Amino acid sequence: MKIMKFGGTSVGKPERMHQVKDLIAKGDEPKIVVLSALSGTTNALVGIGDALAAGDKATAKSKIDQLQKHYEQFCDELFSSAEAKKEGLKIIQEHFEFLNIILKISFNEAINKDILAQGELLSTKLFYELLSELGIKSVFLPALEFMSIDENNEPELPKIQERLGKLLAENPREKIFVTQGYICKNYRNEVDNLKRGGSDYTASLIGAAISASVVEIWTDIDGMHNNDPRIVDKTRPIAKLSFEEAAELAYFGAKILHPASIWPAQQFNVPVKLLNTMEPDALGTTITADMSEIGGVKALAGKDGITAIKIKSSRMLLAYGFLRRVFEVFEKYKTSIDMITTSEVAISLTIDDITHLEEIKSELAAFGHVEIDHNLSIICIVGNLIMEQNGVLQNIMNSLADIPLRMVSYGGSKHNVSVLVDAAYKNSALKSLNRGLFEF
Ligand code: ASP
Ligand code: MG
């Protein structure tokens, strides 16, 4: 059994949804189809939630009405028969009625999560209806019946496995299952989600839970590129990546894949394929455990919004336990650290979540002098065995000769070199590296 996940743009227009239908109807292998909300919907729902959080019901109402019109139009174009159109409208009415009821009750975070869930509920129900209209047999698999997170917001894979296994066993002969990405239940049994872009994560978790043959992530570009196509002209898709390389790239800025979506597939050794709905026959990118390929730099990615923290302390000299005490501060505030470099008397590290920066800063002050730099970017250079190859680091440094480097991280893994630059230098760093590493 395989997993086929389609992102918002792949289902965002009626004709695109028809393409998805063609793709999933092909082949004999049973599949679980995971859908995102139609493109723009989750943003609109966030807007509705924000308006309600601010007590602005009028704005929320007008956003709801606008979104409803969009869906009514979508439905009209999606279905051919009057009967299916009527069914589609019924689905839309039901969900917008729910949003309108929310307008009348007092708003809280649990309700906000309910609002955010409407996008995936709508897209999957409409798609399921489309399949029935066309006589394609499928089973509707509500994600809220099997996908769950614990009190730390971590997916409960063994439970997911058990519940999903049961649901699938109830339909032993079926070939197509349709479910929602992104949404889940939390430990209070409330509707929750896997954070923005989380449908990829859903697909990978399901893939792991059922030991799928492959997790296919269908988007609107032809795989993971060797550099950011929005910044650099000459980029090309990478045919093969290892899980480690893909995780580094996804985490450090490659937008095509949710960073958390690698580990479940990796743990259960399920290959992940990044494919293009617009060009279904293109090779795309295949991510597997295979590291056997020859080394070399494969790809670059840049991540914005980075803050660097430097702690200088002469007490660090010859001291043990210093790093632990520093890290405990970050642990206390649930803030993860990306890059670290140390000298004998100072430590520099980076974070991207600055929610608790002030508390962190004041606690770190007990260890020494603390300096904070905002507005930085991490440039991540990924490949196989970069470390063991002569000249790679030299090539990287030569390419970056004109760019001031705030931090360099080399040796953390065999697959990655990261440099930290002022955000103003991000684009030129990616372009210079592209020239130096790929265009010779
Ligand atoms: N619809 C959700 C979002 O836009 C989840 C996803 O698309 O992956 O973030
Ligand atoms: Mg996405």
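Start at 1 and go down the list; that is how both ligands and their atoms are numbered. Values in this document were obtained by computation on a predicted structure and should not be read as measured data. Residue indices begin at 1 and follow the sequence shown.
Atoms CD1 and CZ, on I92 and F74 in that order, are 8.5 Å from each other to the nearest 0.5 Å.
Distances below 4.0 Å separate heavy atoms of S199 from the following atoms of ligand 1: 5 (C), 6 (C), 7 (O), 8 (O). Residue R196 has at least one heavy-atom neighbour below 4.0 Å for each of these atoms of ligand 1: 3 (C), 4 (O), 9 (O). Residue S36 has at least one heavy-atom neighbour below 4.0 Å for each of these atoms of ligand 1: 6 (C), 7 (O), 8 (O).
The closest approach between G197 and ligand 1 falls below 4.0 Å for a heavy atom of the residue. Contact annotation: G198 has at least one heavy atom less than 4.0 Å from an atom of ligand 1.
No side-chain heavy atom of I231 sits under 4.5 Å from any side-chain heavy atom of N434.
The residues E174 and K137 are annotated as salt-bridged, a charged nitrogen and a carboxylate oxygen being separated by less than 4.0 angstrom.
K21 forms no cation-pi arrangement with F127, by the criterion of a distance under 6.0 Å to the ring centre and an angle within 45° of the ring axis.
In terms of polar-atom proximity, defined here as any N/O pair under 3.5 Å, T42 does make such a contact with ligand 1.
A donor-acceptor contact shorter than 3.5 Å links the side chain of S428 to the backbone of Y425. Between the N276 side chain and the M278 main chain, a donor and an acceptor come within less than 3.5 Å of each other.
Contacts of E120 with ligand 1, taken as heavy-atom pairs under 4.0 Å, involve the side chain alone.
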